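Bear in mind the structure is a predicted one, so any value in this text is a computation, not a measurement. One-based numbering along the sequence shown.
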Amino acid sequence: MSENQNLAIQGSIKIAGDTPTMRLFSLLELIASQDKQFSLQDLVDSTDLPKPTVHRMLQQLESSNMLTRDTDGRHYCVGGRLRRLAEDLLFNDTKYGARHAVLRALGNELGESCNLTGLSGNEVLYLDRVETEAPLRFYLRPGSKVPVHCSASGKVLLAQMTPAQRRRLLENVPFEIYTKNTIQTLDELEKEIEKVKEQGYAFDNEEFLPGLFCVAVLVPRANGSRSNMAVATQAPIMRMTAEKALASLPALQRAAQALMKIEAQLDENN
């Protein structure tokens with residue numbers, strides 16, 4: 001079954017709203033729920049709107065840089081303005097204080113720097129971070145981005161996707177080599193992802209920065225849907241070995257569960 005058929009089978013989704021602006025917002029909500037690129041016809045098949053109306057709405061969203069056209073000229077993907085809006089919401093939402101308290105407690109327990117991350121396109125975005133007090137450390141501030149292919153957090157986030165979804169995301173992205181351990185091809189990354197899916201965690205063994213070791217786990221969603229959050233700890237290799245990273249997994253998993261509960265509770269209250 002093709003992707004277009006999959007999208008069409010979802011049925012006629014009502015694009016609600018009392019004003020043109022609210023209907024545009026409703027269409028954006030539908031677009032954001034898709035895990036694939038889409039065409040004008042895909043949206044026509046999936047909504048209760050006539051084709052000229054959908055075409056006009058897509059033109060408005062494209063002209064405002066909320067959406068952008070793919071290289072084939074037919075399919076659309078998220079534009080820079082919409083991506084920045086999503087990132088700002090992740091940074092500034094009301095969950096920040098509760099999340100940070102969990103991250104701070106994790107850092108105190110492990111004695112190392114810890115971070116909370118999410119995917120932003122084909123990069124990993126640092127949503128929050130606490131630094132170790134140890135004199136030797138690697139400083140990365142919230143808002144920093146690192147390539148997904150050489151990030152422990154990136155690997156656990158990618159592991160939720162199908163191989164086809166990962167390929168669409170990464171097939172045109174150059175796998176820049178940062179160290180001798182950097183994963184260099186999509187096929188090599190797929191083999192690593194299979195290990196991550198079996199293990200439930202991922203390592204960054206000096207793959208992005210020489211001398212830095214990192215371990216990450218997924219922050220699951222209470223409803224079982226795909227998550228866009230991972231929690232990790234990292235340290236110089238003189239303090240963090242694979243054995244020590246594995247010993248930190250129970251603390252990371254407890255933090256992941258606490259973060260999951262925060263997300264679920266606040267979602268219920270909204």
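- For Cys114 against Leu110, the heavy-atom pair with the smallest separation is SG-CD1, 4.3 Å.
- For the salt bridge (charged side-chain N to carboxylate O under 4.0 Å, His left out) test, residues two or more places apart in sequence or in another chain that qualify with Arg167 are Asp187.
- Residues Leu252 and Thr233 are in side-chain contact: their nearest non-hydrogen atoms beyond the backbone lie under 4.5 Å apart.
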Audit row: Leu246, Phe203, side-chain contact (heavy atoms from CB on, under 4.5 Å) steps and yes/no: CA-CA 10 Å; Leu246 290 173; Phe203 286 161; 3.9 Å; yes
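- With 3.5 Å as the limit, one finds no donor-acceptor pair spanning the side chains of Gln160 and Arg166.
- Using a cutoff of 4.0 Å between basic side-chain nitrogens and carboxylate oxygens, Arg221 and Glu263 are not scored as salt-bridged.
- When hydrophobic clusters are built by joining Ile, Leu, Val, Met, Phe, Trp and Tyr residues whose side-chain heavy atoms come closer than 4.5 Å, directly or via intermediates, Ile237 is grouped together with Tyr201.
- Counting only heavy atoms from C-beta outward, the side chains of Asn115 and Gln234 approach each other to under 4.5 Å.
- The stretch residues 177-200 participates, sequence neighbours left out, in these ring pair (Phe, Tyr, Trp, His ring centres under 6.0 Å) pairs: Tyr178-Phe208.
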Might you work through the side-chain contact (heavy atoms from CB on, under 4.5 Å) test for Thr182 and His149, ending with a clear yes or no? CA-CA 8 Å; Thr182 302; His149 70 284; 3.7 Å; yes
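- Nearest approach of Ser39 to His75, heavy atoms of both residues: N-CD2, 3.9 Å.
- Contact between Leu169 and Gly121 at its shortest, heavy atoms only, is CD1-O, 3.6 Å.
- Residues Ser225 and Asn223 approach most closely at OG-OD1, 2.6 Å, considering heavy atoms.
- For the side chain to side chain contact (heavy atoms under 4.5 Å, CB included) test with Val148, the passing option among Val173, Thr117, Leu158, Leu157 is Leu158; the others fail.
- Counting only distance, with no hydrogens or angles, the side chain of Ser63 and the backbone of Gln59 share a donor-acceptor pair below 3.5 Å.
- Between Met161 and Leu170, the closest side-chain pair of non-hydrogen atoms is not below 4.5 Å.
- Listed by chain and number, the residues in a salt bridge (charged side-chain N to carboxylate O under 4.0 Å, His left out) with Arg254 are Glu109 (sequence neighbours excluded).
- Once rounded to the nearest 0.5 Å, the distance linking CG of Asn122 with CD of Glu171 reads 12.0 Å.
- Looking at heavy atoms from C-beta onward, Val231 lies in side-chain contact with Leu106 at the 4.5 angstrom threshold.
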Lys244 vs Glu112, test: side-chain contact (heavy atoms from CB on, under 4.5 Å). Steps then yes/no. CA-CA 11 Å; Lys244 186 174 180 181; Glu112 298 293 355; 3.9 Å; yes
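- Contact of the Gln41 side chain with the Lys51 side chain is registered, since non-hydrogen atoms from C-beta on lie closer than 4.5 Å.
- Note on Phe25: it does not cluster hydrophobically with Met66, by side-chain heavy-atom contacts below 4.5 Å among ILVMFWY residues.
- Residues Leu116 and Tyr126 have side chains not in contact (no heavy-atom distance under 4.5 Å, counting atoms from C-beta outward).
- In this structure, Lys195 pairs ionically with Glu192, as a charged nitrogen and a carboxylate oxygen lie closer than 4.0 Å.
- By the 4.5 Å heavy-atom criterion applied to side chains, Leu58 and Glu62 are not counted as neighbours.
- Scored by the salt bridge (charged side-chain N to carboxylate O under 4.0 Å, His left out) test, Glu123 finds no partners at all (sequence neighbours excluded).
- For Ala159 against Val196, the heavy-atom pair with the smallest separation is CB-CG1, 4.0 Å.
- Contact record, Ser120 with Leu125: CB-CB, 4.1 Å, taken as the closest heavy-atom pair.
- In this view, Gln184 satisfies the side chain to side chain donor-acceptor pair (under 3.5 Å) rule with no residue, not counting sequence neighbours.
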After noting the C-alpha distance and the side-chain angles of Met229 and Arg99, does the key distance pass the side-chain contact (heavy atoms from CB on, under 4.5 Å) rule? CA-CA 11 Å; Met229 194 180 300; Arg99 287 174 177 165; 3.3 Å; yes
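- The stretch residues 199-212 participates, sequence neighbours left out, in these salt bridge (charged side-chain N to carboxylate O under 4.0 Å, His left out) pairs: Lys155-Glu207.
- In summary, Glu188 and Lys191 do not engage in a salt bridge, as defined by a charged side-chain N under 4.0 Å from a carboxylate O.
- In this structure, the separation between OG on Ser26 and CE on Met22 is 8.0 Å, given to the nearest 0.5 Å.
- For the atom pair NZ of Lys197 and CD of Gln199, the computed distance is 12.5 Å after rounding to the nearest 0.5 Å.
- The CD1 atom of Ile183 sits 11.5 Å away from atom CD1 of Ile177, with the distance rounded to the nearest 0.5 Å.
- Under the 3.5 Å distance criterion, the side-chain polar atoms of Thr47 are matched with a main-chain donor or acceptor of Leu43.
- Looking at heavy atoms from C-beta onward, Leu27 lies in side-chain contact with Leu61 at the 4.5 angstrom threshold.
- In this structure, Asn228 contributes its side chain and Leu119 its backbone to a donor-acceptor pair below 3.5 Å.
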